[in-house]
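Structure, as structure tokens:
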Amino acid sequence: SEALERAPGVTRGESVTTVRKIAGDDESIDTRPLVGPEIPSSPGALARLRADALGNRVVAGNLVAADGRAAAIVAYTQPPPGDIGFNKRFIELVERLIAREARPGLEVYEVGSPLLKVTFAEYIVRDQRTLIPLCAATLFLVLYLVFRTARGVLIPLVTATVSVTWAAGLMSLFGLPLTVVTSMVPPILIVIGFTEDVHMLAEYDALVARGRERRDAIRAMLD
């Protein structure tokens with residue numbers, strides 16, 4: 001808990017070691033920390049600490065599970081403006097802390113927004129490396145089966161490559177992030193450009209087959 005609070009970008013931390021035990025009687029209110037400077041080791045003191053935590057309506061169900069089998073350490077983060085690598089560094093720090101505190105009988109899980117964002121980003125990059133080559137391979141196969149000419153295969157492939165390159169470059173230039181939604185732009189461009197190219201090439205081939213001169217066929221195709 002203390003290590004997380006000291007981490008760069010963390011504004012506040014909450015755990016059973018940071019909250020106060022607010023209890024009162026007719027004469028006074030006790031606001032001492034739930035866990036003092038020293039963590040108790042005697043069975044009796046630990047039992048009292050457990051009872052205090054589970055009897056506190058703020059702590060139980062929020063920082064400690066109602067059955068006493070799990071506890072949470074919450075870190076509130078505020079990345080510096082423009083620091084796109086913060087989430088990656090933060091989860092690596094958390095993973096090092098988890099590895100350092102590993103011991104038999106203790107299971108520690110990391111959850112939260114930084115982990116989700118980094119995981120989604122890794123999935124998106126992985127999907128791009130899979131989807132775009134798969135789209136290109138499917139496109140190549142379909143074009144070969146339909147046209148069986150170098151022109152019919154190369155022109156749509158070149159169009160798709162140029163379109164995706166320009167789209168990705170413009171997204172980077174204007175600072176548009178690669179998200180779950182925008183990651184679909186390259187495959188969609190390939191699919192849409194592919195169909196348009198097929199229509200145009202098919203029309204051109206039909207015009208030439210009917211005896212039109214090639215330049216005239218190109219103009220008619222564009223019309």
Side-chain angles (χ1 to χ4, degrees), residues 1-130 175-184:
S1 180
E2 291 174 347
L4 279 175
E5 283 192 276
R6 292 194 300 267
V10 175
T11 58
R12 180 163 57 97
E14 288 183 357
S15 71
V16 291
T17 61
T18 64
V19 297
R20 294 183 176 274
K21 177 180 65 176
I22 301 177
D25 51 32
D26 293 337
E27 297 181 357
S28 63
I29 296 179
D30 184 0
T31 60
R32 289 176 298 173
L34 181 65
V35 179
E38 298 294 332
I39 297 177
S41 57
S42 66
L46 287 172
R48 285 193 298 273
L49 176 58
R50 177 189 178 93
D52 288 341
L54 295 178
N56 187 312
R57 288 184 296 177
V58 174
V59 175
N62 292 311
L63 295 177
V64 176
D67 60 4
R69 298 182 60 190
I73 299 176
V74 184
Y76 296 87
T77 60
Q78 183 62 53
D83 187 356
I84 60 176
F86 171 81
N87 290 324
K88 179 76 171 175
R89 295 195 308 273
F90 182 72
I91 67 169
E92 289 174 349
L93 168 66
V94 174
E95 289 170 354
R96 289 196 299 270
L97 292 175
I98 292 174
R100 189 184 72 184
E101 301 298 334
R103 67 197 70 178
L106 175 66
E107 296 183 20
V108 184
Y109 301 96
E110 180 185 2
V111 298
S113 177
L115 179 63
L116 286 175
K117 290 178 179 178
V118 171
T119 302
F120 275 130
E122 291 174 350
Y123 285 168
I124 289 171
V125 172
R126 186 194 65 186
D127 288 347
Q128 292 297 300
R129 291 172 178 168
T130 304
L176 298 176
L178 195 63
T179 66
V180 175
V181 176
T182 59
S183 65
M184 295 304 300

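No experiment lies behind these values; they were computed from the predicted model shown. Excluded from the calculations below are hydrogen atoms, water molecules and symmetry mates; all remaining heavy atoms, backbone and side chain alike, are included. Count residues from 1 along the sequence.
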Taking C-beta and beyond as the side chain, do [X] and [Y] meet within less than 4.5 Å on heavy atoms?
X	Y	value
D127	S183	no
V35	L49	yes
F90	V118	no
L63	V19	yes

Nearest heavy-atom neighbours spanning [X] and [Y]:
X	Y	answer
A72	N62	CB-O, 4.1 Å
V64	A53	CG2-CB, 4.4 Å
L115	E110	CD2-O, 3.0 Å
P177	T182	O-OG1, 2.9 Å
S41	L46	O-CD1, 3.8 Å
I73	S15	CG1-CB, 4.0 Å

How would you list, by chain and number, every residue that makes a side-chain hydrogen bond (donor to acceptor under 3.5 Å, both in side chains) with R12, sequence neighbours excluded?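 Result, side-chain hydrogen bond (donor to acceptor under 3.5 Å, both in side chains) vs R12: E14.
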So how far is it from T130 OG1 to Y123 OH, rounded to the nearest 0.5 Å?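 Interatomic distance, T130 OG1 to Y123 OH, rounded to 0.5 Å: 13.0 Å.
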If I take atom CG from residue L116 and atom CG from residue N87, how far apart are they, to the nearest 0.5 angstrom? 10.0 Å
Which salt bridge (charged side-chain N to carboxylate O under 4.0 Å, His left out) pairs, counting each pair once, include a residue from residues 47-74, with sequence neighbours left out? K21-D52
Check for a donor-acceptor pair, side chain of T11 on one end and backbone N or O of Y76 on the other, with a separation under 3.5 Å.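 Pair found, side chain donor or acceptor close to backbone of Y76.
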Which pairs of donor and acceptor atoms, one on a side chain in residues 97-106, lie under 3.5 Å apart (sequence neighbours left out)?
unit_1, atom_1, unit_2, atom_2, d
E101, OE1, R103, NH2, 2.7
R103, NE, E101, O, 3.1

